[in-house]
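What follows is a set of notes on a single structure, which appears directly below.
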Amino acid sequence: MYPALDHRIFHLISEIAAEHNVRCYVVGGYVRDILLDRPSKDIDILVVGSGIELARSVAKHSGKMGRVTVFRNFGTAMLRYDELEIEFVGARKESYSPDSRKPVVENGTLQDDLNRRDFTINALTVSLNRENFGELLDPFKGVSDLRKKVIRTVLDPDATYADDPLRMMRAIRFAAQLDFTIEMKSLRAITKNRQRIDIVSKERVTDELNKIMLTPKPSKGFGYLDRTGLLFFVLPELTRLKGVDIKDSVRHKDNFWHTLQVLDNISGKSDNIWLRWAALLHDIAKPVTKKYLPGHGWTFHSHEYVGAKMVPDIFRRMHLPLGKSMRYVQKLVKLHLRPIALVEEEVTDSAVRRLLFEAGEDIDDLMMLCEADITSKNDAKVRQYLANFRNVRKKLKEIEEKDAIRNFQPPVSGDVIMQTFNLRPCREVGIIKNAIKEAILEGTIANSYKEAYDYMIKKAVELGLNVVNDKRFS
Ligand code: CTP
């Protein structure tokens with residue numbers, strides 16, 4: 001008996017199911033995760049009968065649980081017990097039609113229910129019935145697949161993926177999360193059915209892609225997406241990064257594998273999904289900006305700006321959020337080469353201030369991305385580049401301590417400008433505000449109210465404005 005199953009709640013469900021004369025089982029991901037020693041809080045209870053009725057009865061008897069949430073369309077009911085989320089579902093039999101992921105569902109037996117599941121490792125079952133409480137039922141040899149670390153479908157892979165194409169993404173996601181391999185037959189079936197991913201909602205595909213992005217080594221999942229051809233249907237821009245051109249014996253690196261390496265590097269440093277997206281998209285415009293200049297080699301001029309412009313379309317198409325997270329990704333893509341320009345010894349303070357201003361609070365993430373972007377195989381070069389970036393970080397720190405640019409707020413506000421010269425909002429206010437900001441970034445004046453105020457007066461005089469209310473000491 002697995003200790004996790006000796007929990008009071010499983011005994012309670014077992015007793016009540018016996019009273020109702022229905023059979024029930026723990027099934028799916030929870031059992032898989034117990035065997036893998038990955039603690040999980042989502043429990044699926046399979047009932048040969050009504051899941052909703054059993055859930056209601058368990059809630060009534062436990063005294064401890066709150067309301068039962070019923071999803072009548074799905075025939076499921078959910079309860080919370082301490083930190084556990086327990087979903088009850090009646091055993092079902094499913095049949096699919098070719099143009100939809102939504103099967104025709106009818107009541108079924110335990111075997112029918114297990115037959116409709118995706119992978120052998122997800123069809124593991126533990127009985128909660130009195131006579132064999134705690135016994136593991138493993139009709140498809142899922143335990144052996146867990147040991148062999150392989151993703152295998154319960155039934156014929158071709159039918160499994162054609163029926164529910166989301167399972168192609170799931171296979172790759174589980175392989176990436178668990179560090180498993182996908183069996184050959186499955187890989188062939190995914191390759192064959194890859195285009196059917198188009199009938200799955202974008203949200204679901206993106207949800208799986210994000211789970212792949214969040215694994216410790218995302219290149220594994222992306223490698224499978226590439227190998228099966230699914231990537232072209234999910235994120236075609238990425239497949240265009242593939243390949244190496246050679247002219248006059250000069251070659252450029254394969255930007256697809258470079259990107260995956262950067263993504264793996266960043267994943268070792270941060271769990272921030274948006275930083276991972278920035279890594280995935282940092283060179284996305286290299287194919288469209290690529291040029292060969294004789295005597296000079298391959299160039300990807302302005303790929304960081306063109307790439308930043310591509311981000312919104314990609315996010316919109318993938319149903320990713322279009323607010324702050326997208327702007328953050330855009331910003332990092334746009335700025336990812338800037339710290340390299342600060343490596344030179346004689347770099348000016350104003351160049352450092354400008355980067356601090358543009359990156360703002362994301363400057364540390366930008367530096368992380370730059371360091372992750374070093375994928376040279378030459379150790380000496382890697383050491384040199386890292387040392388360069390350590391210097392850049394030092395310069396950023398020194399200037400930030402001196403000038404506090406990172407969370408730049410204009411020391412003289414638009415309100416003060418308007419009151420001083422008795423103006424309504426107008427072009428002049430913008431001109432003066434911008435001039436003050438530029439003067440601070442250039443180092444002409446310090447980032448202080450007093451110096452900014454004097455500078456404002458100087459600029460206003462140039463524009464022919466007169467002081468009406470002196471706000472110098474406000
Ligand atoms: N399932 C399936 N096909 C799908 C989705 C789910 O066969 N397209 C089955 C699997 O048996 C799975 C169970 O439903 O184990 C529960 O699905 P879900 O909660 O999505 O996945 P888990 O396996 O629990 O894993 P995770 O929570 O990591 O997504």
task: Give me the one residue out of Phe233, Phe232, Tyr161 that meets side chain to side chain contact (heavy atoms under 4.5 Å, CB included) with Ile197.
output: Phe233
- prompt: Do His258 and His252 make the cut of ring centroids closer than 6.0 angstrom?
  reply: no
field: Derivation and outcome, side-chain contact (heavy atoms from CB on, under 4.5 Å), residues Val89 and Asp44
entry: CA-CA 7 Å; Val89 57; Asp44 289 316; 5.5 Å; no
message: I'd like to know if Glu358 and Lys331 make a salt bridge, using a cut-off of under 4.0 Å between side-chain N and carboxylate O.
response: no
message: Assess whether a salt bridge exists between Arg354 and Glu438, defined as any Lys/Arg side-chain N lying under 4.0 Å from an Asp/Glu carboxylate O.
response: yes
- prompt: If you round to the nearest 0.5 Å, how far is CG of Asp254 from CG of Leu260?
  reply: 9.0 Å
- prompt: Any chance NZ of Lys458 has more than 12 other-residue heavy atoms, nucleotides or ligands included, within less than 6.0 Å?
  reply: no
field: Side-chain touch Leu423/Val429, heavy atoms, less than 4.5 angstrom
entry: yes
- prompt: What closest approach, in Å, do Ala278 and Val333 show between heavy atoms, and which atom pair accounts for it?
  reply: O-CG2, 4.2 Å
- prompt: Does the distance from a Lys or Arg side-chain N to an Asp or Glu carboxylate O, for Asp271 and Arg276, drop under 4.0 Å?
  reply: yes
Greater than 12 external heavy atoms within 6.0 Å of His301's NE2: no
- prompt: Just by distance, do the side chain of Glu451 and the backbone of Ala446 share a donor-acceptor pair under 3.5 Å?
  reply: yes
Sidechain N-carboxylate O distance under 4.0 Å for Arg173, Glu208: yes
query: Going from CD1 on Ile440 to CG on Asp403, what distance comes out if it is rounded to the nearest 0.5 angstrom?
result: 9.0 Å
field: Atom pair CZ (Arg117) and CZ (Arg167), whose distance is rounded to the nearest 0.5 Å
entry: 9.5 Å
Cationic N near anionic O, under 4.0 Å, Arg116 to Asp163: no
message: For Phe300, does the six-membered ring have the charged nitrogen or CZ of Lys286 within the cation-pi criterion, i.e. under 6.0 angstrom from the centroid and within 45° of the normal?
response: yes
- prompt: Atom CG in Asp248, atom CD1 in Ile246: separation rounded to 0.5 Å?
  reply: 11.0 Å
message: Are more than 12 heavy atoms, taken from residues, nucleotides or ligands other than Lys290, located less than 6.0 Å from that residue's NZ atom?
response: yes
task: Look at atom CZ of Arg204 and say whether more than 12 heavy atoms of other residues, nucleotides or ligands are closer to it than 6.0 Å.
output: no
message: Check Glu400 with Arg406, please: is the shortest side-chain N to carboxylate O separation under 4.0 Å?
response: no
message: Rounded at 0.5 Å granularity, tell me how far OG in Ser267 sits from CG in Asn272.
response: 10.5 Å
- request: May I ask you to say whether Asp313 pairs ionically with Arg317, meaning some side-chain N is under 4.0 Å from a carboxylate O?
  value: no
query: Take atom CG in Asn378; do more than 12 heavy atoms of anything else shown fall under 6.0 Å from it?
result: yes
message: Testing the basics here: between Arg327 and Leu322, what is the closest heavy-atom pair and its distance to 0.1 Å?
response: NH1-O, 4.4 Å
task: List the atom of Ile121, the atom of Gly142, and the distance in Å for their closest heavy-atom pair.
output: CG2-O, 3.8 Å
Test: Lys395 and Glu398 ion pair at under 4.0 Å: no
query: According to the interplanar angle, ranging from 0 to 90°, do the rings of Trp274 and Phe315 count as parallel (below 30°), tilted (30 to 60°) or perpendicular (above 60°)?
result: tilted
- request: Please round to the nearest 0.5 Å and tell me the distance separating atom CZ of Arg427 and atom CD1 of Ile432.
  value: 11.0 Å
query: Among Asp33, Asp145, Val26, Leu146, whose side chain to side chain contact (heavy atoms under 4.5 Å, CB included) with Leu124 holds?
result: Leu146
message: Against the six-membered ring of Trp298, is Lys291 placed for a cation-pi contact (under 6.0 Å from the centre, within 45° of the normal)?
response: no
message: Looking at every non-hydrogen atom in both residues, tell me the closest pair between Ile445 and Ala452 and how far apart they are.
response: CD1-CA, 3.9 Å
query: Minimum heavy-atom separation for Ala162 to Asn193, with atom names?
result: CB-OD1, 3.5 Å
query: Salt bridge check: are Asp164 and Arg170 linked by an N-O gap of less than 4.0 Å?
result: no
task: Establish, yes or no, whether a centroid distance under 6.0 Å links the rings of Tyr328 and Trp277.
output: no
query: Heavy-atom count around Lys402 NZ within 6.0 Å, excluding the residue itself: above 12?
result: yes
